[in-house]
2 protein chains.
Amino acid sequence: MVVRQTRQRAEILDLLDDVDEFRSAQQLHEMLRTRGSSIGLATVYRAVQSLAETGEVDSLRTAEGESVYRRCAQRSHHHHLVCRSCGRTVEIDAGQAEAWAGQVAAAHGFDDVDHTIELVGTCATCRAAG
Amino acid sequence: MVVRQTRQRAEILDLLDDVDEFRSAQQLHEMLRTRGSSIGLATVYRAVQSLAETGEVDSLRTAEGESVYRRCAQRSHHHHLVCRSCGRTVEIDAGQAEAWAGQVAAAHGFDDVDHTIELVGTCATCRAAG
DNA sequence: ACTATGATGCGAACGACTCTCAGGAAGGCG
DNA sequence: CGCCTTCCTGAGAGTCGTTCGCATCATAGT
């Protein structure tokens, strides 16, 4: 057996289905506690990490260095355009940017190149709201 | 007066001139101590932060969430291609990728878009070395 | 030189995250 | 259905990078 089906993992996946923004393990833990769950913080950290490893959730690091998680619609590789104000997230395909990255890397003799590409801006709604 | 010229800041800039790879505040502190400096860790953190704010050094976050700093040749905006093995760093211009980012953001109604674009790979030397 | 004010260095504090370990519960087996 | 192995859980302690508080120091304008 590889990954055991537990109440806690189910609770986390349920919660992530209800949330559209990237959330930290701490936020998820607090939200679950508020919902009446007795889940522990360490468990949230462990679950969210293993979910990220298997690709069931996406993770990235905020500018402050905190890891945040989100259940994305796209299961395949993609990137994000996040609103710095409300957290609204758009999943984007970065084919062009990745092609460019590959070229640049090859031009300098680099192999096995990983890329980090994330976009943060202010969405139309938040701009209108001031 | 805005930024005072101190022995410690000078030591840090001198050190950064001698180093080509991105280094953490802790590493810089240890290197300075080894060189005989009596500089404090907090001072290194403070100096390196303000230098990053004024653009005198570049900073980025490692996958582990640690902040690392480097004095780059290019003073203008640029990105990095870093060797995951030896830390060798190439400064790259990401005009294409940035244009793409601007388009994608505009297409989704986002404004004031910041981008994070970093490339990590294995350089030719390290690949040859196995 | 004199002084105002930013900078320093130390240790304590902080926050995100991980580890330890005893108890609990999946899930395969008979 | 009950048993047993093994993995998972929860609480608290610990780790690690970073920041804060504060007394002292030193830079740079007068």
Side-chain angles (χ1 to χ4, degrees), chain A residues 1-16 19 21-54 56-70 82 87 116 118, chain B residues 1-16 19 21-54 56-70 82 87 116 118:
Chain A
M1 116 199 35
V2 185
V3 174
R4 215 167 256 189
Q5 178 68 15
T6 67
R7 176 178 56 79
Q8 292 82 350
R9 279 178 84 88
E11 283 180 3
I12 292 175
L13 284 172
D14 279 357
L15 173 57
L16 284 170
V19 173
E21 298 84 36
F22 277 92
R23 297 291 188 197
S24 69
Q26 311 234 32
Q27 289 177 319
L28 294 172
H29 176 243
E30 197 183 317
M31 293 169 86
L32 288 170
R33 287 285 192 166
T34 300
R35 284 188 173 191
S37 172
S38 62
I39 197 169
L41 178 58
T43 302
V44 176
Y45 271 104
R46 285 183 287 234
V48 112
Q49 254 177 220
S50 84
L51 289 170
E53 274 166 23
T54 61
E56 291 178 80
V57 306
D58 272 33
S59 72
L60 53 87
R61 280 189 184 263
T62 66
E64 294 74 42
E66 197 176 9
S67 291
V68 288
Y69 304 86
R70 179 176 190 268
V82 182
T116 301
E118 299 297 339
Chain B
M1 117 203 31
V2 186
V3 174
R4 215 168 257 187
Q5 179 67 14
T6 65
R7 177 178 54 82
Q8 292 82 348
R9 278 177 85 88
E11 284 181 3
I12 291 174
L13 284 172
D14 279 358
L15 173 57
L16 283 169
V19 172
E21 297 84 35
F22 277 93
R23 297 290 187 196
S24 69
Q26 312 233 32
Q27 289 176 318
L28 295 172
H29 177 244
E30 196 183 317
M31 293 169 85
L32 288 170
R33 288 285 192 165
T34 301
R35 285 187 174 194
S37 171
S38 61
I39 196 168
L41 178 58
T43 301
V44 176
Y45 272 105
R46 283 183 288 236
V48 111
Q49 253 178 219
S50 82
L51 289 169
E53 275 165 23
T54 62
E56 291 178 79
V57 306
D58 273 33
S59 72
L60 52 85
R61 280 191 184 263
T62 65
E64 294 75 42
E66 197 175 11
S67 290
V68 288
Y69 304 85
R70 178 176 190 268
V82 182
T116 302
E118 298 297 340

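Just so we're on the same page: letters track the sequence lines, and every chain starts at 1.
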5'-most by nearest nucleotide on DNA chain D - B:V68 or B:T6: B:V68
B:R9 vs C:dG6: side-chain N/O to OP1/OP2 distance below 4.0 Å: no
Atom pair distance, as rounded to whole Å: CD in A:E30 and P in C:dC17: 15 Å
Closest to the B:T43 side chain, choosing from C:dG9, C:dA7, D:dC8: C:dG9
Whole-Å gap separating C1' (C:dG15) and NE2 (A:H29): 15 Å
side-chain contact (heavy atoms from CB on, under 4.5 Å), paired with A:E11, selected from A:V44, A:L28, A:L32: A:L32
Atom-to-atom span, CD of B:E66 to C1' of C:dT18 - whole angstrom: 16 Å
Distance, rounded to the nearest Å, where A:Y69 contributes OH and C:dA16 contributes C1': 10 Å
Whole-Å gap separating P (D:dG17) and CD (A:E64): 19 Å
B:Q26 side chain to B:S24 side chain, donor-acceptor N/O pair below 3.5 angstrom: no
Nucleotide C:dA16, atom C1' - distance to CG of A:L60 in whole Å: 16 Å
Presence of B:S67 side-chain N/O under 4.0 Å of D:dT18 phosphate oxygens OP1/OP2: yes
Any A:Q8 side-chain N or O less than 4.0 Å from OP1/OP2 of D:dG10: yes
d(CD, A:E11; P, C:dA25) in whole Å: 13 Å
side-chain N/O A:Q49 vs C:dT18 OP1/OP2, d < 4.0 Å: yes
Between A:T116 and A:R61: side-chain donor-acceptor atoms closer than 3.5 Å: no
For atom CZ of B:R46 and atom C1' of C:dG6, their distance in whole Å: 11 Å
Selection from D:dA11, D:dG10, D:dC20 that lies nearest to any side-chain heavy atom of A:R33: D:dA11
Sugar-phosphate, base or nothing in reach of A:L41, heavy atoms under 4.0 Å: nothing
Distance in Å, B:R23 CZ paired with B:I12 CD1, rounded so as to fall on 0.5 Å steps: 15.0 Å
Short side-chain N/O contact to C:dT18 OP1/OP2 from A:Y45, under 4.0 Å: no
Minimum-distance nucleotide to A:R4 side chain [options: D:dT6, C:dG9, D:dG17]: D:dT6
Contact under 4.0 Å: B:Q5 side-chain N or O vs C:dG6 OP1/OP2: no
Name of the residue among B:D14, B:L51, B:T43 meeting side-chain contact (heavy atoms from CB on, under 4.5 Å) with B:R9: B:L51
Nearest listed nucleotide, side chain of A:R7, among D:dT18, C:dC10, D:dG10: D:dG10
